[in-house]
Amino acid sequence: MIPKLRFAALALLLGTTPALAQDKILNVSYDVARELFEALNPEFQAHWKEKSGRDVTIDQSHAGSSKQARAILEGLPADVVTFNQETDIDALAKGGMVAENWRDAFPNGASPYYSLPSFLVRKGNPKGIKDWSDLAREDVKPVFPNPKTSGNGRYTYLAAYAYALAQDGGDDAKAQEFVGNIFANVPVFDTGGRAATQTFAEREIGDVLVTFEAETKGIAKQYADQGYEVVTPSLSLFAAFPIALVTENAEKNGSLEVSTEYLNWLYAPEAQETLAENSYRVTDKDVFAKHAGEFDDVKLVTVDEVFGGWDKVQAEHLADGGILDKVFVNR
């Protein structure tokens with residue numbers, strides 16, 4: 001009788017397994033993406049349920065992009081990353097967590113959406129802030145996160161540097177001096193973009209918040225009673241938002257299939273629509289055309305055009321003792 005009972009119990013368990021099927025992934029992302037993925041994740045859960053018949057739990061982790069990359073290398077079990085900085089995924093690739101050719105795994109260099117550094121000023125723009133040059137004025141206090149710990153802050157640093165190069169005929173010495181003057185005006189360097197937003201909006205420190213355009217628009221809506229105004233500079237830096245499968249963890253966690261689908265789905269029209277509604281510029285031409293009137297025209301330059309690529313930026317600007325460190329020391 002005992003063997004028969006065991007067989008019956010096993011049959012009952014196997015018969016109920018499909019109904020109990022549950023997938024789970026951890027998306028490790030940049031600091032200011034909380035609200036974005038709070039909107040996206042339920043849509044993907046419905047998509048995955050319809051496609052696979054299974055439920056999926058999506059856990060989120062948010063912090064400065066570079067801090068997140070270090071955490072993954074130290075053991076944070078991310079299945080996927082949705083970052084705002086290519087160099088941070090490159091760090092994971094060097095650590096063996098992500099495929100070396102991760103840019104080729106998904107369309108558009110593995111970037112389903114993009115943004116740019118933009119400004120958020122206080123009601124009425126009392127300091128008359130219009131462009132990067134205003135941030136170097138002694139009477140202006142800009143707020144943005146530390147470029148050493150935040151991809152957001154790194155884009156701000158590079159965008160200001162690119163503006164200075166354009167103004168001074170490519171003179172690096174003048175660009176360093178210009179960016180140093182901006183840094184000297186920063187009252188506090190927070191470690192991530194959301195902390196910088198809180199410094200500006202909740203602690204009421206500074207005259208202008210410099211962060212991704214999507215964040216400036218989102219904060220203006222969230223704090224509508226404060227009358228914040230979005231200001232788009234004349235020139236800014238194209239900021240790709242790269243994604244990657246953390247293959248080592250996904251294989252270990254048994255989440256490879258759902259994790260891959262999650263990242264592919266970010267290019268789907270319904271996901272692109274949600275991204276656009278959250279003020280990100282999207283790669284789907286039809287969806288972007290629908291929302292084009294919501295975005296200011298701006299001259300966008302790229303890291304490749306201005307700096308010769310991310311590898312060169314890493315070696316010349318971001319490495320210990322590089323230009324960024326010199327700017328901090330001389331500010």
Side-chain angles (χ1 to χ4, degrees), residues 29-30 32-44 47 82 84 106-135 144 152 155-156 158-160 162-163 166 193-194 197 200-201 208-243 265-303 305-306:
S29 195
Y30 54 97
V32 299
R34 292 175 178 85
E35 293 79 9
L36 174 63
F37 285 100
E38 285 175 1
L40 285 168
N41 286 343
E43 296 177 3
F44 176 75
H47 164 81
T82 53
N84 59 24
F106 300 96
N108 303 310
S111 177
Y113 54 102
Y114 64 100
S115 194
L116 54 110
S118 182
F119 305 160
L120 187 71
V121 299
R122 302 195 183 278
K123 185 177 181 179
N125 195 4
K127 295 293 181 73
I129 296 167
K130 297 179 180 179
D131 218 334
W132 294 101
S133 56
D134 295 308
L135 274 56
F144 54 87
N152 187 326
Y155 272 114
T156 293
L158 293 172
Y163 173 85
R194 183 50 52 89
T197 293
F200 179 78
V208 52
L209 173 68
V210 190
T211 185
F212 292 122
E213 178 183 56
E215 176 81 344
T216 62
K217 290 177 176 288
I219 295 303
K221 291 177 183 177
Q222 181 180 347
Y223 295 87
D225 59 323
Q226 299 294 319
Y228 294 133
E229 301 175 18
V230 176
V231 175
T232 304
S234 62
L235 179 149
S236 197
L237 193 69
F238 176 88
F241 284 71
I243 59 175
W265 177 80
L266 292 174
Y267 294 88
E270 60 268 31
Q272 293 277 292
E273 177 66 29
T274 299
L275 286 159
E277 289 173 355
N278 282 268
S279 301
Y280 287 91
R281 301 189 183 215
V282 295
T283 55
D284 185 294
K285 293 181 180 179
D286 292 335
V287 176
F288 183 77
K290 177 182 175 182
H291 293 271
E294 301 168 18
F295 299 98
D296 292 335
D297 290 333
V298 57
K299 181 179 180 181
L300 276 182
V301 296
T302 69
V303 167
E305 292 169 349
V306 179

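Residues take their numbers from the sequence shown, with the count starting at 1. Keep in mind the model is a prediction, meaning the values are calculated, not measured.
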### Distance-only side-chain donor-acceptor flag, Glu273 / His291, under 3.5 Å
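Short answer, yes.
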Does [X] reach the side chain of [Y], with side-chain heavy atoms less than 4.5 Å apart?
X      : Y      : value
Asn152 : Tyr30  : no
Glu215 : Leu120 : no
Tyr114 : Asn108 : no
Phe200 : Arg122 : yes
Leu275 : Phe241 : no
His47  : Phe44  : yes

### Query
Could you go step by step and tell me if Tyr155 and Ser236 meet the side-chain contact (heavy atoms from CB on, under 4.5 Å) rule?
CA-CA 9 Å; Tyr155 272 114; Ser236 197; over 6 Å; no
Give the minimum heavy-atom separation between [X] and [Y], together with the two atoms involved.
X      : Y      : answer
Pro117 : Thr156 : CG-N, 4.2 Å
Leu36  : Tyr113 : CD2-OH, 3.9 Å
Ala271 : Leu40  : O-CD2, 3.8 Å
Gln226 : Lys123 : O-CB, 3.5 Å
Ser234 : Asp131 : OG-OD2, 2.5 Å
Asn278 : Ala214 : O-CB, 3.7 Å

Taking the side chain from [X] and the backbone from [Y], do they hold a donor-acceptor pair closer than 3.5 Å?
X      : Y      : answer
Ser29  : Thr82  : yes
Thr283 : Pro112 : yes
Tyr267 : Ser111 : yes
Ser118 : Val231 : yes
Glu305 : Thr302 : yes
Gln272 : Val287 : no

### Message
Applying side-chain contact (heavy atoms from CB on, under 4.5 Å) to Val298 and Leu235, what does each step give before you reach the verdict?
### Response
CA-CA 6 Å; Val298 57; Leu235 179 149; 5.8 Å; no
### Basic-acidic side-chain contact under 4.0 Å: Glu294, Lys217
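The answer is no: the pair does not qualify as a salt bridge.
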### Query
Which distance, rounded to the nearest 0.5 Å, do you find between the CG of Leu135 and the CZ of Phe144?
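One gets 7.5 Å once the value is rounded to the nearest 0.5 Å.
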### Query
Say you draw a straight line from CZ of Phe212 to OG1 of Thr197; how long is it, rounded to the nearest 0.5 Å?
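Between Phe212 CZ and Thr197 OG1, I get 11.0 Å after rounding to 0.5 Å.
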### Task
Flag yes if more than 12 heavy atoms outside Asp297 fall under 6.0 Å of its CG atom; otherwise flag no.
no
### Query
Which of parallel (below 30°), tilted (30 to 60°) and perpendicular (above 60°) describes Phe119 and Trp132?
perpendicular
### Query
Taking only residues two or more places apart in sequence or in another chain, which ones pass salt bridge (charged side-chain N to carboxylate O under 4.0 Å, His left out) with Lys127?
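Partners of Lys127 under the salt bridge (charged side-chain N to carboxylate O under 4.0 Å, His left out) test: Asp207.
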### Message
Lys221 vs Ser279, test: side-chain contact (heavy atoms from CB on, under 4.5 Å). Steps then yes/no.
### Response
CA-CA 11 Å; Lys221 291 177 183 177; Ser279 301; 4.2 Å; yes
